[in-house]
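Chain A is the first sequence line, chain B the second, and so forth, proteins listed ahead of strands; every chain is numbered from 1. What you see is a predicted model, and the numbers here were worked out from it, not measured in a lab.
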2 protein chains.
Amino acid sequence: MATTETSAEPLSIGEVAERTGLSVHALRFYEREGLLVGPVQRTSGGRRRYTAFDVDWLLICVKLRESGMPLADLKQFAELVRQGPGNEAERLQLLDAHRQRVDAQIQALQECRSVITWKVGVYADHLARGEAGGLWDPTA
Amino acid sequence: MATTETSAEPLSIGEVAERTGLSVHALRFYEREGLLVGPVQRTSGGRRRYTAFDVDWLLICVKLRESGMPLADLKQFAELVRQGPGNEAERLQLLDAHRQRVDAQIQALQECRSVITWKVGVYADHLARGEAGGLWDPTA
DNA sequence: ACTTGATCTAGACCTTGCTCCAGATCGTAG
DNA sequence: CTACGATCTGGAGCAAGGTCTAGATCAAGT
């Protein structure tokens, strides 16, 4: 019931969907695409059982996706982890490259934000001084 | 107050592409989609001639797109501007809503950034203390 | 046993936002 | 006049990232 229960019991796909914010469809899709580190365990009946590790990994995936990492990179990262220890330098490089992209993105967004804010100011002005503005710049 | 030259002469599609960073394909596409405020003027021979207003509008579009505004919203905004004065409140609302989304996005990115930074730290540590780490968390 | 809801698989389909192609035309430099 | 590059139109194609369907199976409640 708790969002952050560190329970040892495996979870169903629906529960994982709730916890990660991914849809069950997306979860199956990610698995097919090889984005998970290990194969997901199954019940005797064939239902997926996600471990806490799986969920942690997925939560990281979500963060990386949210910040714009393409699935291809995520897959590559998963592959590196799957290969086991010895390639930490590569993982580091992958993540650090992504961090740089995120930084650039934050910068760009802040610029956009100020343009938008300025524009919002233009309209607020217009409204404040009444709708009487006769001649004005259509792009404003 | 144009970003570059405040020339009164209209520009060709190629020149606008250079100035906006959009491809000529994208420029034609935007036009078809109704993302421009007015119809683009043409030469007698049928070539597009963009005014400084067109370019300014496109530069704003670029900023809005960069910050994740969907084309549909951009189109709606263009329609409001096309309708002329009187709907500034709606325009304001549209932009302000977008600004809020941008703020949320910046926030999210900063969170992602810190997760990534932490992860990078984990790998840097691993490398610093040598590749000898025997048992370790696969998700780390 | 029966009903209900969650999951299963494979694969078709969707949306967004362009990108590219074909074949024709324009316009400028030689 | 002749090239040659830039542009034109309409429409097809593409990549990413899922989403949804169909038909079957599993599991739990009554």
Side-chain angles (χ1 to χ4, degrees), chain A residues 1 9-36 39-51 54-55 58-78 98 101 105 108 112, chain B residues 9-36 39-51 54-55 57-78 98 101 105 108 112:
Chain A
M1 183 184 172
E9 303 105 63
L11 303 172
S12 73
I13 195 169
E15 291 165 326
V16 174
E18 265 179 37
R19 279 161 180 72
T20 60
L22 296 165
S23 70
V24 295
H25 297 297
L27 283 170
R28 292 195 276 247
F29 170 70
Y30 276 24
E31 187 179 343
R32 266 205 305 266
E33 295 295 299
L35 266 47
L36 302 190
V40 178
Q41 297 306 307
R42 304 293 186 114
T43 65
S44 54
R47 270 79 209 279
R48 289 173 179 80
R49 306 269 80 191
Y50 292 83
T51 66
D54 293 328
V55 175
L58 282 166
L59 289 171
I60 290 165
C61 286
V62 166
K63 280 297 175 199
L64 292 174
R65 285 287 306 126
E66 258 178 36
S67 51
M69 182 182 281
L71 293 189
D73 289 17
L74 218 40
K75 181 174 182 173
Q76 202 188 331
F77 190 27
H98 183 59
R101 269 176 273 134
Q105 212 183 328
C112 294
Chain B
E9 302 105 63
L11 303 173
S12 74
I13 195 170
E15 290 165 326
V16 174
E18 265 179 37
R19 279 161 180 73
T20 59
L22 296 166
S23 71
V24 296
H25 296 299
L27 283 169
R28 291 195 277 247
F29 170 73
Y30 276 25
E31 188 179 342
R32 247 184 296 165
E33 295 295 299
L35 267 46
L36 302 190
V40 178
Q41 297 306 308
R42 302 294 184 115
T43 66
S44 54
R47 269 80 209 278
R48 290 173 178 81
R49 307 267 81 193
Y50 292 85
T51 66
D54 293 329
V55 176
W57 173 255
L58 282 167
L59 288 170
I60 290 164
C61 286
V62 165
K63 279 299 174 197
L64 292 173
R65 285 287 305 125
E66 260 179 35
S67 52
M69 182 182 280
L71 293 189
D73 289 18
L74 217 39
K75 180 174 181 172
Q76 202 188 332
F77 189 27
H98 183 58
R101 269 176 272 134
Q105 211 183 329
C112 293

Checklist entry - Does a side-chain N or O from A:T43 land closer than 4.0 Å to OP1 or OP2 of D:dA27, or not? => result yes

Checklist entry - Is any side-chain heavy atom of A:L22 less than 4.5 Å from a side-chain heavy atom of A:V62? => result yes

Item to check | Spacing between A:E33 atom CD and D:dA16 atom C1', to the nearest angstrom | outcome: 10 Å

Next on the checklist: Within a 6.0 Å radius of atom CD on B:Q41, are there more than 12 heavy atoms belonging to other residues, nucleotides or ligands?
Outcome noted: no

Checklist entry - What integer distance in Å separates B:E66:CD from C:dC18:P? => result 11 Å

Next on the checklist: Checking B:T20 now: which residues fulfil side-chain hydrogen bond (donor to acceptor under 3.5 Å, both in side chains) with it, not counting sequence neighbours?
Outcome noted: none

Next on the checklist: Can you give me the bend angle of the helix from C:dA1-D:dT30 to C:dG30-D:dC1? Use the axis through the first five pairs and the one through the last five, nearest 10 degrees.
Outcome noted: 10°

Checklist entry - Just how far, in rounded Å, is C1' of D:dG10 from NE2 of B:H25? => result 14 Å

Checklist entry - Under 4.0 Å between a side-chain N or O of B:Y30 and OP1 or OP2 of C:dG17? => result no

Checklist entry - Can you check side-chain contact (heavy atoms from CB on, under 4.5 Å) on A:L58 and A:L35, steps first, answer last? => result CA-CA 9 Å; A:L58 282 166; A:L35 266 47; over 6 Å; no

Checklist entry - Are A:D73 and A:R101 within salt-bridge range, i.e. N to O under 4.0 Å? => result yes

Item to check | Summary of protein contacts for nucleotides 3-16 of chain C, nucleotide by nucleotide, where a base hit scores B, a sugar-phosphate-only hit scores S (4.0 Å, heavy atoms) | outcome: ---BBSB-------

Item to check | Residues A:E31 and A:R28 bridged, charged N to O under 4.0 Å | outcome: no

Checklist entry - Below 6.0 angstrom between ring centroids: does that apply to B:W57 and B:Y50? => result no

Checklist entry - Quick one: B:F29 CZ to D:dT7 P, roughly how many Å, whole number? => result 20 Å

Checklist entry - Is the closest side-chain heavy-atom distance between A:L71 and A:R65 below 4.5 Å? => result yes

Next on the checklist: If you assign each of B:S44 and B:A26 to its closest nucleotide in DNA chain C, which residue comes earlier from the 5' end?
Outcome noted: B:A26

Next on the checklist: Would you say that B:R42 contacts B:R48 through its side chain, given a criterion of any heavy-atom pair below 4.5 Å between the two side chains?
Outcome noted: yes

Item to check | Side chain of B:S23 (C-beta onward), nearest among C:dC18, D:dG18, C:dT19 | outcome: C:dT19

Checklist outcome for this item: Whole-Å distance, A:L22 CG to D:dT19 P, equals 9 Å

